[in-house]
Amino acid sequence: MQPQHSDDTSPPSWRQRPRPVGFEITYRLDGDTLEIDTTRKISHVRLAAVEQVRFVYAPSNVSSKGFKTQLRLSDGKSISFGNLSWRSLTDMDRDDAGYHAFVVALAAAIAQANPRARFVAGKPFAFWLALAAVSALSLLMLAFFTVRAFVQGANSTALLGLLLAGASYWQVKPMVVLNRPRELASGEVPDDLVPGRPAA
């Protein structure tokens with residue numbers, strides 16, 4: 001089922017099928033509580049218990065336009081949902097406008113319920129630093145491979161290296177750039193990690 005968001009008369013909600021096989025999950029704001037309906041059971045999470053809200057770029061194998069919102073609770077548990085919803089084993093739905101509207105409402109509700117909640121963007125610094133280092137090293141190795149192939153006259157191999165370098169850069173750059181660690185203001189929702197903001 002396609003992810004949907006609520007209309008103006010009902011509580012803000014978001015529906016997502018996070019895996020190709022499995023049930024759809026509905027997230028619904030109910031005052032200072034987040035209701036999570038997994039079809040098999042309904043859970044209620046107090047927004048005052050949310051200690052951290054993190055926004056990340058998380059592409060899938062099918063789409064490069066994947067983003068996630070992660071909530072860390074005071075009991076150590078975490079909740080994660082994104083803007084992509086599986087329709088089948090090979091097809092996904094995107095509703096960026098609905099996702100953005102729900103995340104904005106959720107972020108505001110969390111900031112009100114727990115003013116001490118931390119809002120951050122990107123991956124944790126150590127993870128991001130390792131990702132950036134590995135990505136840079138991989139691109140340097142491809143560049144060395146390509147230059148060496150050209151020097152040795154293996155033009156077809158060098159062209160293959162160029163293609164691989166271009167494809168790798170296209171995939172790696174947003175992972176590194178968008179996931180750079182940043183501190184956000186309380187309740188802030190970054191447009192680059194939560195797509196779908198209505199045009200002004």
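Note that these values count all heavy atoms, side chains included, but never hydrogens, waters or copies made by symmetry.
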Problem - Step-by-step side chain to side chain contact (heavy atoms under 4.5 Å, CB included) determination, L34 to I36 - result: CA-CA 6 Å; L34 175 64; I36 305 174; 4.2 Å; yes

Handout entry: side chain to side chain contact (heavy atoms under 4.5 Å, CB included) between L131 and V176, worked out
Key = CA-CA 7 Å; L131 173 65; V176 174; 4.3 Å; yes

Practice task
In sequence, state the C-alpha distance, the side-chain angles, and the governing distance for V120 and R182, and then conclude on side chain to side chain contact (heavy atoms under 4.5 Å, CB included).
Solution key: CA-CA 6 Å; V120 295; R182 290 169 281 163; over 6 Å; no

Practice task
Could you walk me through whether E35 and Y27 pass side chain to side chain contact (heavy atoms under 4.5 Å, CB included), step by step?
Solution key: CA-CA 6 Å; E35 179 185 285; Y27 303 86; over 6 Å; no

Practice task
Mind running ring pair (Phe, Tyr, Trp, His ring centres under 6.0 Å) on F102 and F81 for me, showing each step along the way?
Solution key: CA-CA 11 Å; F102 177 71; F81 61 91; 5.7 Å; yes

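Remark: E51 does not engage R116 in a salt bridge, criterion side-chain N to carboxylate O under 4.0 Å. Salt bridge absent: D192 and R197 never bring a charged side-chain N and a carboxylate O closer than 4.0 Å.
Side chain of R148 to main chain of F145: no donor-acceptor pair is present (N/O by atom type, distance under 3.5 Å, no hydrogens or angles). No donor-acceptor pair under 3.5 Å is formed between the side chain of T33 and the backbone N or O of H44. The backbone N or O of I42 lies less than 3.5 Å from no partner atom in the side chain of D37, so there is not a single donor-acceptor pair. Between the E188 side chain and the F119 main chain, no donor and acceptor come within less than 3.5 Å of each other.
No path of Ile, Leu, Val, Met, Phe, Trp and Tyr side chains, each step under 4.5 Å between heavy atoms, connects L184 with V56, placing them in separate hydrophobic clusters. Follow the hydrophobic side-chain contacts under 4.5 Å out from L47 and you reach F55 in the same cluster. M175 and L129 end up in the same hydrophobic cluster when Ile, Leu, Val, Met, Phe, Trp and Tyr side chains are linked at under 4.5 Å. Criterion: ILVMFWY side-chain heavy atoms under 4.5 Å apart, direct or through other members. Under it, L142 and L160 are part of a common hydrophobic cluster. Tracing side-chain contacts under 4.5 Å through hydrophobic residues (I, L, V, M, F, W, Y), one reaches V50 starting from V104; they form part of the same cluster.
Minimum interatomic distance between R17 and G22 (heavy atoms only, all atoms of both residues): NE-O, 3.2 Å. Pairing each heavy atom of S80 with each of Q70, the nearest pair is OG-CG, 3.7 Å. The nearest pair of heavy atoms linking A107 to G187 is CB-O, 3.7 Å. Summarising the geometry of N83 relative to K65, their closest heavy-atom pair is ND2-O, 3.0 Å, with the distance given to 0.1 Å. Summarising the geometry of A111 relative to S186, their closest heavy-atom pair is CB-OG, 3.4 Å, with the distance given to 0.1 Å. When every heavy atom of L193 is checked against every heavy atom of G122, the shortest pair comes out as CD1-N, 3.7 Å.
For the pair F67 and P195, the minimum side-chain heavy-atom distance is below 4.5 Å. Using a 4.5 Å heavy-atom cutoff, the side chains of L84 and M92 are in contact. The side-chain heavy atoms of L137 and M141, taken from C-beta on, include a pair separated by under 4.5 Å. Annotation: side chain of V53 is in contact with side chain of I110 (closest heavy-atom distance under 4.5 Å). For the pair D32 and R46, the minimum side-chain heavy-atom distance is 4.5 Å or more. Looking at T38 and F23, their side chains never come closer than 4.5 Å, going by heavy atoms from C-beta outward. P124 places a side-chain heavy atom less than 4.5 Å from the side chain of R54.
A side chain to side chain contact (heavy atoms under 4.5 Å, CB included) with W14 is found for exactly one of V103, T26, L106, D95, namely D95.
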